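Every chain is numbered from 1, with letters handed out A, B, ... down the list of sequences. Since the structure is predicted, the reported quantities are computational estimates derived from the model, not experimental observations.
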There are 2 protein chains.
Amino acid sequence: MNLKQLSHMLSLSQTTVSRALNGYPEVNEETRRRVMDAAKRHGYRPNPSARRLATGKSGMIGYVLPTGAAVDIDPHFVEFLSGLGDYARAHELDLVLSPADADDEETTYRRIVANRQVDAVYISSPRPADKRLALVNTLGIPFIVHGRSEGFDFDYPYLDIDNEGAFHEAARLLVQLGHKRLALINGNDRETFAIHRERGVRRALAASGLTLGERHIRSVTMTEENGYRAARRLLEEAEPPTAIVCSSLIMALGVVRAVRDLGRTIPGDLSLVAHDDVFPWLRPENFPVPLSTTRSSIRLAGARVAERLAARISGLEEGARGEVWPVDLVVRGSVAGAPA
Amino acid sequence: MNLKQLSHMLSLSQTTVSRALNGYPEVNEETRRRVMDAAKRHGYRPNPSARRLATGKSGMIGYVLPTGAAVDIDPHFVEFLSGLGDYARAHELDLVLSPADADDEETTYRRIVANRQVDAVYISSPRPADKRLALVNTLGIPFIVHGRSEGFDFDYPYLDIDNEGAFHEAARLLVQLGHKRLALINGNDRETFAIHRERGVRRALAASGLTLGERHIRSVTMTEENGYRAARRLLEEAEPPTAIVCSSLIMALGVVRAVRDLGRTIPGDLSLVAHDDVFPWLRPENFPVPLSTTRSSIRLAGARVAERLAARISGLEEGARGEVWPVDLVVRGSVAGAPA
DNA sequence: CAAAATAGCCAAAGCGCTTTGGAAGTCTCT
DNA sequence: AGAGACTTCCAAAGCGCTTTGGCTATTTTG
């Protein structure tokens with residue numbers, strides 16, 4: 001059932017039927033009802049390919065997926081996707097993942113924009129002065145950044161959590177508990193979120209005249225193994241840190257293992273706080289010692305990004321509004337006063 | 001730059017240019033070269049929307065993503081995606097994720113097929129007599145199942161790992177080591193993979209005249225917490241199992257925690273084997289006691305599924321070929337002879 | 001009451017490709 | 001040399017929608 005057939009059985013022109021269906025004003029309300037009714041009865045669904053060719057709109061949102069043998073997709077992605085999908089489903093939006101060579105995402109961005117494959121894109125894990133951001137900005141496709149970049153002379157729309165504030169709070173708590181030697185096991189420090197977290201920790205320390213030693217900060221890919229290694233190296237020093245702030249739950253698993261291996265205890269010898277993106281399959285309260293966390297649901301972020309993308313596509317949102325979500329600090333058993 | 005312009009500057013018809021570009025035989029080889037050359041020089045890329053409308057082919061593969069507030073996307077998904085993306089990138093295939101209400105995926109399948117939004121789809125985590133499979137089979141769109149179903153009167157193309165064989169081997173090893181009370185912490189037993197794994201364990205036990213007691217099998221969603229709970233319940237029995245086979249690394253984390261909480265040890269009191277899908281961020285060799293596993297890279301499976309989907313789209317693969325990958329049994333420190 | 005504005009509808013021209021149904025020109029064969 | 005068979009190209013008709021530019025009634029306005 002296509003438009004031609006439908007309009008023919010209604011004895012109307014395609015123009016009128018199309019307009020009736022798409023809510024244009026120049027059609028009699030009664031005619032519109034007739035059309036809507038017939039469309040529903042016959043299960044008419046406009047062919048998206050045709051509509052696309054005519055309008056240039058695809059009804060999909062895009063994401064360029066960096067791939068390659070050496071590239072691992074972040075497990076956070078799947079939770080973000082849950083949220084995104086949740087919203088997208090309710091609004092009949094599809095998501096297209098365009099795999100790209102991790103060393104050359106630009107080509108792919110250009111392609112999907114030139115081909116009008118998607119109406120909007122989102123960008124995640126941005127770095128300072130991220131090229132993708134500049135590119136997408138000049139290409140003129142609606143977009144939202146999940147996270148933040150820095151060092152541009154233009155503004156852009158984003159959704160981020162208050163990473164600096166979160167880690168500031170976490171560090172401040174530890175300092176108040178008497179800890180003087182803090183360490184930070186961070187994610188890849190070329191990504192903005194890691195920079196912000198480091199900034200937060202440093203600021204909290206500075207407020208009490210403390211500093212974050214060069215050797216007390218580790219920046220690694222967020223795997224269990226890297227958490228373990230970083231923690232071991234930190235704890236095997238002559239004067240090991242008495243508290244660690246850690247950028248992910250998965251790394252925290254490694255930290256806990258390292259502490260055990262060394263015969264130390266949490267929170268007796270070491271206080272630990274980690275950031276929790278809220279995975280259904282790994283919860284901080286179920287750690288051997290319940291883990292204190294800075295908590296922010298990445299899933300909700302996914303839903304919000306989808307919502308804002310939809311708003312931008314339909315012109316309801318404009319400009320470069322940045323949105324920063326506060327982060328909860330949830331204190332559990334893994335923190336205590338500094339050892340004497 | 002579109003076809004019209006290109007053909008005009010070559011003083012050729014659109015027909016000829018189109019044919020030259022798409023490798024049709026009825027065009028002079030020299031003309032073809034000229035065309036190809038000009039196309040490349042001017043960076044001509046056929047508009048996919050137009051091509052789509054004309055041919056009905058989209059150049060994308062589809063996946064219906066079950067969503068909902070209560071639905072969690074499996075973290076395995078992201079690894080599978082890595083592999084899929086790896087292949088897809090090399091062949092300029094995009095992947096479209098169509099979020100669907102988890103209780104009504106049918107509507108979405110029908111929509112994407114009717115709209116010809118994708119050239120092929122894959123289905124994951126199938127159950128016995130899975131409705132999606134029957135549906136997709138009648139809808140006539142090329143597809144591949146990742147995993148297997150059962151109880152159909154038709155064959156279908158799939159890629160699966162030898163779950164039964166893998167768990168058979170694991171259980172057999174444990175039996176040989178003298179274990180008589182085995183337990184299985186399985187995934188959702190409405191999914192085929194879980195059924196196959198259970199079958200494998202039972203078969204190994206049966207071969208030695210043993211059985212898997214009703215209470216010695218747990219079927220749960222694969223989270224750390226569920227692994228913990230299942231293990232606790234098993235180990236707190238009067239006659240606890242001396243060996244556990246576990247369907248995922250994440251659940252194994254919980255099992256390890258439970259064992260510790262109860263003051264027992266691995267492998268002294270309990271031998272443990274788990275299935276490993278090979279995540280970059282959590283490795284069995286890094287468990288407190290290196291974990292024995294049945295190992296199969298879900299990432300490679302993703303790449304293979306993409307490859308076969310591409311083959312089916314272009315007509316290179318036909319029929320209902322099933323492909324079953326063997327699974328490695330990797331023995332590490334977490335297994336030992338049964339305690340006296 | 002004539003002129004101007006408005007409401008409601010339609011025919012037809014795109015969107016940019018593929019594919020059908022020829023039509024020339026060139027070769028081959030008797 | 002003329003008939004048939006290739007080879008190589010083209011004009012034009014889709015694919016199914018949206019949108020432009022008009023056209024006819026009907027209503028409003030001065």
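- Under the side chain to side chain donor-acceptor pair (under 3.5 Å) criterion, B/Gln117 pairs with A/Asp94, not counting sequence neighbours.
- Scored by the side chain to side chain donor-acceptor pair (under 3.5 Å) test, A/Ser82 finds no partners at all (sequence neighbours excluded).
- Residue contacts shown for A/Ser11 are limited to sugar-phosphate atoms, with no base heavy atom under 4.0 Å away.
- Contacts between chain B and DNA chain D, taken as any atom within less than 4.0 angstrom of a protein heavy atom, begin and end at D/dT8 to D/dG16.
- Look at A/Arg308 and A/Glu323 and you find a salt bridge, because one of the NZ, NE, NH1 or NH2 atoms lies within 4.0 Å of a carboxylate O, short of that distance.
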Please tabulate the protein-to-nucleotide N/O contacts below 3.5 Å involving nucleotides 20-22 of chain C, giving atom names and distances.
none

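- Applying a 4.0 Å cut-off to non-hydrogen atoms, the residues of residues 34-59 of chain A that approach DNA chain C are A/Leu53, A/Ala54, listed by residue number.
- Listed by chain and residue number, A/Arg111, B/Glu92 satisfy the side-chain contact (heavy atoms from CB on, under 4.5 Å) test with B/Arg45 (two or more places apart in sequence, or in another chain).
- In this entry the distance linking NE2 of A/His8 with C1' of C/dA11 reads 15 Å, nearest Å.
- In this structure, the CG atom of A/Leu10 is 10 Å from the P atom of C/dC10, given to the nearest Å.
- Looking at residues two or more places apart in sequence or on another chain, you find no salt bridge (charged side-chain N to carboxylate O under 4.0 Å, His left out) involving A/Asp74.
- For B/Glu29, the salt bridge (charged side-chain N to carboxylate O under 4.0 Å, His left out) partners at least two apart in sequence or on another chain are B/Arg32.
- Toward the 5' end of DNA chain D, the nearer of the two residues B/Thr31 and A/Lys4, judged by each one's closest nucleotide, is B/Thr31.
- Take A/Glu26 and apply the side-chain contact (heavy atoms from CB on, under 4.5 Å) test, not counting sequence neighbours, and it matches A/Arg19, A/Tyr24.
- Looking at B/Leu81 and A/Phe77, their side chains come closer than 4.5 Å, going by heavy atoms from C-beta outward.
- Under the rule for a side-chain contact (heavy atoms from CB on, under 4.5 Å), the partners of B/Glu30 that lie at least two apart in sequence or sit in another chain are B/Asn28, B/Arg34.
- Distances shown here put every side-chain N or O of A/Ser13 at or beyond 4.0 Å from the OP1 or OP2 atom of C/dA11.
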Donor-acceptor list for residues 141-149 of chain A side chains, cut-off 3.5 Å, not counting sequence neighbours:
from: A/Arg148; atom 1: NE; to: A/Asp160; atom 2: OD2; distance (Å): 2.8
from: A/Arg148; atom 1: NH2; to: A/Asp160; atom 2: OD2; distance (Å): 3.3
from: A/Ser149; atom 1: OG; to: A/Arg127; atom 2: O; distance (Å): 2.6
from: A/Ser149; atom 1: OG; to: A/Ala129; atom 2: N; distance (Å): 3.0
from: A/Ser149; atom 1: OG; to: A/Asp130; atom 2: N; distance (Å): 3.3

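- Not counting sequence neighbours, the partners of B/Glu307 by the salt bridge (charged side-chain N to carboxylate O under 4.0 Å, His left out) test are B/Arg304.
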